[in-house]
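In what follows, chains carry the letters A, B, and so on, assigned in the order in which the sequence lines appear, proteins first and then strands, with residues in each chain numbered from 1.
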Amino acid sequence: MRMSRLFSQTLRDVPGEAGLPSHQLLLKAGLVRPLSAGSYSYLPLARRALTKIEDIIREEMDAIGGQEITMPVVHPASLWQETGRWYQVGPEMARFKDRAERDMVLGMTHEEVIADLVRQEVRSYRQLPCLLYQIQTKYRDEPRARGGLIRVREFTMKDSYSLDADWEGLDAQYRAHYQAYFNIFQRCHLPVISVRSDVGMMGGQMAHEYMYLNPIGEDTLVLCDGCGYAANRQVAAARLPAAEAAPPLPSEPVATPDTPTIEALAELLQVPTACTAKAVFFMAMIAGGEGETDRERFVFAVVRGDSELNETKLANAIGARDLRPAREEEIRTVGAEPGYASPVGLQGDDLLLVVDELIPQSPNLVAGANKPGYHLRNTNYGRDYTASHVADLVLARDGDACAQCGGRLRTSRGVEVGNIFKLGTRYTEALGAVFLDSEGSSKPVIMGSYGIGSGRLLSCVIEEHHDEGGIRFPISVAPYHVSCVALLQRAPEVAAAAEKLYREAWSQGVEMLLDDRDATPGVKFNDADLIGLPLRLTLGARSLRQGGAELKPRDSEESRIVPLDEVVATLRAEVDRLLAASRTRVTTVPYVA
RNA sequence: CGGGGCGUAGCGUAGCCUGGUAGCGCGUCGGCUUUGGGAGCCGAAGGCCCCCGGUUCAAAUCCGGGCGCCCCGACCA
């Protein structure tokens, strides 16, 4: 491509809306342009980079047996009604009616369509295992788009779906993805870690997320340097100090004026916060079964005073699809007193009492008395009250002890660039996607689903690889291999030489972006740095006098003069060297369940 | 959906408080000069000052409503 013809224009000033470096550079270097909040047009440079990324993804998917397909973006609502997600998923799914007034959805993921394909195509265990994937547009009506391409409404995703006859097969395909994803990110020069994650609306048994560690990330991760434990904070486990065993003492009320917080209470009574019970209240939407309507229930959750509640864990423990903080009047209707609430003596049919697993092991806790200004000493789980659910509800915090090894946990922020889910039979059972096994009995196909957002991956690569001057594209992702800065002025022979090199380069597979514009050297050098191709070739009167063209890598200050008749061979060798080095980045990563 | 900020030429912005001629820089177009790190001079084009309504002799400016964008939070396969 000749820059005089390139549709993208670089900007001198960055639009004020851009905050993150990657967002600024995507705009400034002319890779993307916004259409509205969270939707972008990808201009030629971005399109080429995305194609490189997608081709890497294709290679790795094909290498584990994937077959590429394309499924529709618009789905009939009936399919989503069959699996129930029509009712479970909130407004992030875009819905509309077609001309016949039929409900339709814009696909935000494709489990339903895959399961529908499976029920049409798969008859026998002989057709399994199978792996299908597509690279295609997804639409999610995000409540808040942000960060340029980090979080958008419309995006391109590689989504793959594994189909198996048995759980061992699912495990094998899951593990294959686990490594293939590392290969993909490594080949894109993006450092990532895998963490255990919540299954969220996907359902299923197990999930990992691939995280690019960076403060711009929207997820908080909990990491242990001691044993390598890594989890999204939504599911992370921590080991809190066990309570000392003690015989249960008789419970007694105690006057505790002005102590609506655990800290004030512990201070007044001179007890550690670990000897208190903390109550938190929610209204939970519990999804109804088929034909049933959803039911809103009051949730009274209890954690030890020295811990914080993890809402994701709570929602999972009770099977809630939505949690919101309860209002004061709702708290009072179950007989509880905000600030002095007690799990002892609650009433109400729709009440769910949920306690953290440390509560039954912690004797003689101070809890509220459901009376303003009073608490109860020596409440004991089992004697004074029992819960409908006992589960780990604790939010892991920086500095807590690792549940696996006791080491010190630390937290870090990360951007989720990929995820893998063991789905099981949730969708195939709902849609009747069954096969006949070797004994002739009918069984639902076992599924996994696996996603990578290519646009988010591109912006993370730029976030990771840039400097004050602009982007520093890794060779594997770069839209072109080399920028040729042709300083045409005062040297007619430069134009001719540049044109000849340009043709030869492309004939040898060297992707050259030729800056043939009528612009000053400063403009051309700055744009070359901004766009950030891995190699820069400068051709001007000065370099010709020195015997050829100047070759300089984007990430180095070292340059050298290459004779004109060796330039293309040198570029070809240099590109091959960089590509080879890029491939050696791929290493096997131990699977951590 | 809560909190905050911002909408003025393609981009960056001044003017708004205290109502009265829309201004600057960059970019764009033409001309001459210049040419290895965002050149100089001369000339030109380009504005529903986000929209609707109100106050006023007069609104970019004040008031009300709406929309859009950004940031923080809630949310997020």
Using the closest heavy atom to pick a nucleotide of RNA chain B for each, name whichever of A:Leu544 or A:Arg146 lands nearer the 5' end.
A:Leu544
Report yes if a donor N or O on one partner sits less than 3.5 Å from an acceptor N or O on the other, where the partners are the side chain of A:Glu550 and the base of B:G36; otherwise report no.
yes
Expressed in angstrom and rounded to an integer, what is the separation of A:Asn526 atom CG from B:G27 atom C1'?
15 Å
Quantified in whole Å, what is the C1' atom distance between nucleotide B:U61 and nucleotide B:G23?
15 Å
Have a look at A:Glu112 and say if it touches a base, only the backbone sugar-phosphate, or nothing, with a 4.0 Å heavy-atom cut-off.
nothing
Taking only side-chain nitrogens and oxygens of A:Thr538, does any of them come within less than 4.0 Å of OP1 or OP2 of B:G36?
no
Only counting residues at least two apart or in another chain, list the ones meeting side-chain hydrogen bond (donor to acceptor under 3.5 Å, both in side chains) with A:Lys138.
A:His110, A:Gln136, A:Asp159
Specify the separation, in whole Å, of atom NZ of A:Lys524 and atom P of B:U34.
18 Å
Quick check against the 3.5 Å criterion: does A:Glu463 have a side-chain atom that pairs as donor or acceptor with the backbone of A:Ser22?
yes
What residues, two or more places apart in sequence or in another chain, satisfy side chain to side chain contact (heavy atoms under 4.5 Å, CB included) together with A:Arg327?
A:Arg324, A:Glu329, A:Glu330
Separation of the P atoms in B:G12 and B:G64, to the nearest angstrom:
28 Å
Could you tell me whether A:Gly107 contacts a base, only the sugar-phosphate backbone, or nothing, with contacts defined as non-hydrogen atoms closer than 4.0 Å?
nothing
side-chain hydrogen bond (donor to acceptor under 3.5 Å, both in side chains) involving A:Glu17 - partner list, sequence neighbours excluded:
none
Lys/Arg-Asp/Glu bridge criterion (N-O < 4.0 Å) met for A:Asp219, A:Arg233
no
So what stems show up for RNA chain B if we need 3 or more Watson-Crick or G-U pairs in a row, all under 3.5 Å?
B:1-7 with B:67-73, B:10-13 with B:23-26, B:28-33 with B:39-44, B:50-54 with B:62-66
Expressed in angstrom and rounded to an integer, what is the separation of A:Lys28 atom NZ from B:G27 atom C1'?
13 Å
Residues two or more places apart in sequence or in another chain: which of them pass side-chain hydrogen bond (donor to acceptor under 3.5 Å, both in side chains) with A:Thr570?
none
Using a distance-only criterion (donor-acceptor N/O pair, under 3.5 Å, no hydrogens), is the base of B:G37 paired with the side chain of A:Arg542?
no
Name the nucleic acid region contacted by A:Arg536, choosing base, sugar-phosphate or nothing; use a 4.0 angstrom heavy-atom cut-off, strictly under.
base
Interatomic distance, A:Arg144 CZ vs B:C72 C1' [rounded to whole Å]
6 Å
Whole-Å distance separating the CG atom of A:Asp219 from the P atom of B:G73
12 Å
For B:U34 and B:C24, measure between their C1' atoms and round to the nearest Å.
26 Å
B:C63 and B:U55, which share atom name P, separated by this distance in whole Å:
15 Å
Run the side chain to side chain contact (heavy atoms under 4.5 Å, CB included) test against A:Asn316 and tell me which residues pass, sequence neighbours left out.
A:Asp198, A:Thr312
Please enumerate all protein N or O atoms sitting under 3.5 Å from an N or O of nucleotides 11-14 of chain B, with distances to 0.1 Å.
| residue | atom | partner | partner atom | Å |
| --- | --- | --- | --- | --- |
| B:C11 | O2' | A:Asp13 | O | 3.1 |
| B:C11 | O2 | A:Asp13 | OD2 | 3.4 |
| B:G12 | OP1 | A:Gly16 | N | 2.6 |

With the criterion being N/O to N/O and under 3.5 Å, what pairs connect the protein with nucleotides 42-51 of chain B, and how long is each?
none

Taken in chain and number order and not counting sequence neighbours, the residues that satisfy side-chain hydrogen bond (donor to acceptor under 3.5 Å, both in side chains) with A:Arg297 are none
Which of these nucleotides, B:C69, B:A74, B:G38, is closest to any side-chain atom of A:Pro143?
B:A74
Can you tell me how far P of B:U28 sits from CZ of A:Arg517, to the nearest Å?
10 Å
Please name all residues satisfying ring-ring contact (aromatic ring centres under 6.0 Å, His included) with A:Tyr40, sequence neighbours left out, ordered by chain then number.
none
Check this for me: does any side-chain nitrogen of one of A:Asp103 and A:Arg95 sit under 4.0 Å from a carboxylate oxygen of the other?
no
5'-most contact on RNA chain B: A:Gly148 or A:Leu323, nearest heavy atom basis?
A:Gly148
State plainly whether the residues A:Asp516 and A:Arg5 are in salt-bridge range, i.e. N to O under 4.0 Å.
no
For the C1' atoms, the ones on B:C26 and on B:G38, what distance do you get once it is rounded to whole angstrom?
10 Å
Determine the interatomic distance between P on B:G73 and the same-named atom on B:A39; round to the nearest Å.
40 Å
Using a strict 4.0 Å threshold on nitrogen-to-oxygen distance, state whether A:Arg119 and A:Glu82 make a salt bridge.
yes
Grab the CD-C1' distance between A:Glu142 and B:A74 for me, whole Å please.
13 Å
B:C52 and B:C70, which share atom name P, separated by this distance in whole Å
23 Å
Salt bridge check: are A:Asp467 and A:Arg554 linked by an N-O gap of less than 4.0 Å?
yes
Can you tabulate the close N/O pairs, meaning under 3.5 Å, that link protein atoms to atoms of nucleotides 29-33 of chain B?
none

Roughly how far apart, to the nearest Å, are B:C51 and B:G10 at atom P?
14 Å
Would you mind classifying the nucleic acid contact of A:Asp159 as base, sugar-phosphate or nothing, using non-hydrogen atoms under 4.0 angstrom?
nothing
Counting the atoms with a prime plus P, OP1 and OP2 as sugar-phosphate, which does A:Ser36 contact under 4.0 Å by heavy atoms, base, sugar-phosphate, or nothing?
sugar-phosphate
Side chain to side chain donor-acceptor pair (under 3.5 Å) evaluation trace for A:Ser162 with A:Tyr450:
CA-CA 8 Å; A:Ser162 63; A:Tyr450 316 84; 2.7 Å; yes
Mind checking side chain to side chain contact (heavy atoms under 4.5 Å, CB included) for A:Asp13 and listing every partner two or more places apart, or none if nothing turns up?
none
Protein-nucleotide distance (A:Ile531, atom CD1; B:G38, atom P), rounded to Å
17 Å
Does the separation of the ring centres of A:Tyr210 and A:Phe182 fall below 6.0 angstrom?
yes
What does A:Tyr450 touch in the nucleic acid at a heavy-atom separation under 4.0 angstrom: a base, only the sugar-phosphate, or nothing?
nothing
